[in-house]
Amino acid sequence: MIKLYVVLGSTRPNRKSEIVAPLVLAAMKKLDDVEVELIDLRDWPLPFYQEPTSVEKDMKYSIPLAHTWSDKIKLGDGFLIVTPEYNHGYTAVLKNALDYLETEWFRKPVAFVSYGGSTGGSLAVEQLRLVSIELKMVPVSTAVHLVRFKQELDEHGIPTNP
């Protein structure tokens with residue numbers, strides 16, 4: 001069984017990832033031999049990285065939540081990051097969550113679903129690809145970009161275009 005994590009890359013109130021993620025999860029749960037789990041960064045309030053040294057193998061973190069985060073990510077076989085685009089980039093909370101770890105990410109595939117404005121979040125994904133390569137992850141070559149996603153929602157935040 002392959003364990004895939006869907007990571008919500010925003011913690012803002014009224015974030016659209018709460019609309020996008022269930023659609024992604026529903027599609028992924030149709031895959032055979034795949035266990036899918038949501039990781040919401042709201043549930044992982046890691047402070048900005050403040051360890052006395054850079055990330056090292058089997059690092060002893062000063063923050064207990066960082067140990068738990070490391071243990072969680074080690075269990076994943078692959079990742080799908082759902083990210084908005086803020087100011088032509090991705091969120092600080094997502095960057096921090098990625099930067100806390102190193103070897104836990106090694107050789108694990110990562111895919112992206114993005115949303116935001118006229119680029120559909122593609123500029124955020126462009127940056128995430130560079131960071132994921134530096135973390136020795138394996139970014140897949142295609143991504144899903146939801147252009148002007150907010151315009152596709154009704155007054156209740158439900159997508160109007162299947």
Side-chain angles (χ1 to χ4, degrees), residues 3-29 35-51 55 61-76 78-102 104-105 108-135 137 139-140 142-162:
K3 178 129 184 119
L4 297 178
Y5 289 135
V6 175
V7 179
L8 295 189
S10 173
T11 58
R12 273 189 181 173
N14 300 318
R15 61 191 175 169
K16 300 303 177 226
S17 57
E18 290 179 359
I19 298 166
V20 176
L23 302 172
V24 170
L25 286 168
M28 291 177 72
K29 286 182 178 182
E35 179 185 344
V36 182
E37 184 179 333
L38 183 70
I39 293 182
D40 188 340
L41 292 181
R42 281 185 182 165
D43 299 330
W44 296 90
L46 294 160
F48 279 105
Y49 191 81
Q50 55 188 347
E51 298 295 333
V55 176
Y61 295 96
S62 63
I63 299 161
L65 184 59
H67 286 288
T68 308
W69 177 240
S70 172
D71 292 341
K72 182 69 167 176
I73 296 305
K74 282 178 191 175
L75 297 175
F79 303 89
L80 189 144
I81 297 174
V82 177
T83 185
E85 183 176 306
Y86 296 161
N87 301 314
H88 291 208
Y90 61 102
T91 66
V93 70
L94 179 55
K95 175 69 168 140
N96 191 55
L98 291 168
D99 284 349
Y100 252 93
L101 309 176
E102 188 168 314
E104 295 87 345
W105 303 116
K108 293 183 180 179
V110 61
F112 306 97
V113 173
S114 63
Y115 56 92
S118 62
T119 67
S122 63
L123 299 174
V125 170
E126 180 179 31
Q127 293 176 18
L128 280 165
R129 286 184 190 286
L130 295 173
V131 170
S132 63
I133 290 167
E134 187 62 27
L135 290 170
M137 296 178 85
V140 298
T142 58
V144 175
H145 305 288
L146 303 172
V147 178
R148 291 189 175 87
F149 182 66
K150 288 191 266 190
Q151 295 174 4
E152 298 292 332
L153 306 175
D154 68 16
E155 65 275 4
H156 305 290
I158 298 170
T160 57
N161 182 350

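Scope of the values below: all heavy atoms of this structure, side chains included, with no hydrogens, waters or symmetry mates.
When all heavy atoms are compared, the tightest approach of V93 to L41 is O-CD1, 4.0 Å. Pairing each heavy atom of I133 with each of P139, the nearest pair is CG1-CG, 3.7 Å.
Note that CG of L80 and CG of L25 are 9.0 Å apart. Values are rounded to the nearest 0.5 Å. From Q127, atom CD reaches atom CG of L94 across 11.0 Å, with rounding to the nearest 0.5 Å. Residue S10 holds its OG atom at 3.0 Å from OH of Y86, rounded to the nearest 0.5 Å. Note that OG1 of T68 and OH of Y61 are 11.0 Å apart. Values are rounded to the nearest 0.5 Å. In this structure, I81 CD1 and M137 CE are separated by 6.0 Å, a value rounded to the nearest 0.5 Å. To the nearest 0.5 Å, atoms CD1 (I73) and CD1 (I39) are separated by 4.0 Å.
The one candidate from H67, K72, K74 that meets the side-chain contact (heavy atoms from CB on, under 4.5 Å) condition with S70 is K74.
For the pair V140 and V110, the minimum side-chain heavy-atom distance is 4.5 Å or more. A heavy-atom distance below 4.5 Å is found between the side chains of V125 and H145. Side-chain contact check for V7 versus V82: every heavy-atom pair is 4.5 Å or farther apart. Between E18 and R42 there is a side-chain heavy-atom pair separated by less than 4.5 Å. No side-chain heavy atom of E85 sits less than 4.5 Å from a side-chain heavy atom of Y90.
Contact check on K29 versus E35 returns no salt bridge, with no Lys/Arg side-chain nitrogen under 4.0 Å from an Asp/Glu carboxylate oxygen.
Taking a 6.0 Å sphere around CD of E134, one finds it holds 12 or fewer heavy atoms contributed by other residues, nucleotides or ligands. Atom CG of N87 has 12 or fewer neighbouring heavy atoms from other residues, nucleotides or ligands inside a 6.0 Å radius. Dense packing is recorded around CG of D43, with more than 12 heavy atoms of other residues, nucleotides or ligands lying under 6.0 Å away. Crowding of H88 atom NE2: a count of heavy atoms from other residues, nucleotides or ligands under 6.0 Å not exceeding 12.
With hydrogens and angles disregarded, no donor-acceptor distance shorter than 3.5 Å links the side chain of S114 to the backbone of T83. Y115 places a side-chain N or O within donor-acceptor distance of the main-chain N or O of S17, the cut-off being under 3.5 Å. W44 places no side-chain N or O within donor-acceptor distance of the main-chain N or O of A97, the cut-off being under 3.5 Å. In terms of modelled atom types and a separation under 3.5 Å, the side chain of K108 and the main chain of E104 share a donor-acceptor contact. Remark: the backbone N or O of S132 is not paired with any side-chain donor or acceptor of W105 at under 3.5 angstrom. Put simply, the side chain of R15 never gets that close to the backbone of L8: no donor and acceptor are under 3.5 Å apart. Judged purely by atom type and a 3.5 angstrom limit, N96 uses its side chain to pair as donor or acceptor with the backbone of Y49. Y100 places a side-chain N or O within 3.5 Å of a backbone atom of P47 that can act as its donor or acceptor partner.
Classification of the F79-Y5 ring pair by plane angle, with boundaries at 30° and 60°, yields tilted.
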Exercise for the section: Give the intermediate values and the outcome of side chain to side chain contact (heavy atoms under 4.5 Å, CB included) for residues V147 and T119. Expected result: CA-CA 6 Å; V147 178; T119 67; over 6 Å; no
Problem - CA sep, side-chain torsions, deciding dist, call: V144, L146, side chain to side chain contact (heavy atoms under 4.5 Å, CB included) - result: CA-CA 7 Å; V144 175; L146 303 172; 4.0 Å; yes
Handout entry: Worked check of side chain to side chain contact (heavy atoms under 4.5 Å, CB included) between V20 and V113
Key = CA-CA 8 Å; V20 176; V113 173; 3.7 Å; yes
Practice task
Take M28 and L4, measure what side chain to side chain contact (heavy atoms under 4.5 Å, CB included) needs, and give me the verdict at the end.
Solution key: CA-CA 9 Å; M28 291 177 72; L4 297 178; 3.5 Å; yes
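Residues in residues 115-127 take part in no salt bridge (charged side-chain N to carboxylate O under 4.0 Å, His left out) pair, two or more places apart or across chains.
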